[in-house]
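Structure first, commentary second.
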Amino acid sequence: MVELIPSQDAVMQILKRTGAFREGHFIYPNGKHSPHYFQMPLAFRYYDTARVLAVALSRKFRLEKDISSQLPKVSVISPSSGGIPVAFGVRDALNAEQIYWAEQEQGARQFRQYVNQGEVNPCIIVDDIIRSGHAIEETVELVKSLGARIIGCGAIVRFDSAPGEIEDVPIKSLIDFDVKFYESDEACAECKAGVNPETVRF
Ligand SMILES: [Zn+2]
């Protein structure tokens, strides 16, 4: 039987192969140390890989009655630039009618000008990775301010420290990742082992 939704292991293999999942010793912008790092656009730079991942995520959405019953009058929404290829892939797989992406403008997450109240279909919010969930939460507020309802939410990778649902909608993901962060150099196993750290930008 064809595996319609690849296992977490299969998805992790894809992320490793494309360089999107990296192991080593990383210092994040907030100063925390970690033995892992995701640079998701590296997986989405390959068209075939991007399609496999987006189609897999779309299948999880299609299983939800509230989504399948409203297609194609659905909007797929990305909270960030990293989520744009995911949004296009999921939109394509679901044949949803609209696509939007938010950008940070003057400190606020916004859509482009002239997106009006009442024009946005019921929404599925998708991102490449959900770390804290803040981007998703801000996007929910943005969507609600335009009078639209959230019917789905998901990402390729969800850190298990992120919320499991938003607006009573469960967050779908292909990988639920068990994150490891060290608050300080002293607590970091890689620091103790003398592994050279790399500073990451996001
Ligand atoms: Zn360290």
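Computed over heavy atoms, backbone and side chain alike; hydrogens, waters and symmetry mates excluded. Atoms within each ligand, like the ligands themselves, are counted from 1 in listed order. For the single chain, residues carry numbers from 1 onward in sequence order.
Protein N, O or S atom count below 2.8 Å of the Zn ion (ligand 1): the structure gives 4.
Side-chain rings of F21 and Y37 stay apart, their centers remaining 6.0 Å or farther from each other. Ring to ring, H33 and Y28 are not that close: their centroids are 6.0 angstrom or more apart.
L146 CG to Y100 OH: the interatomic distance, rounded to the nearest 0.5 Å, is 8.0 Å.
Around the CZ atom of R109, the shell of radius 6.0 Å holds more than 12 heavy atoms that belong to other residues, nucleotides or ligands.
A 4.5 Å side-chain heavy-atom check between Q39 and V200 finds every atom pair outside the cut-off. Here the side chains of K144 and R149 are not in contact, with every heavy-atom distance at 4.5 Å or above.
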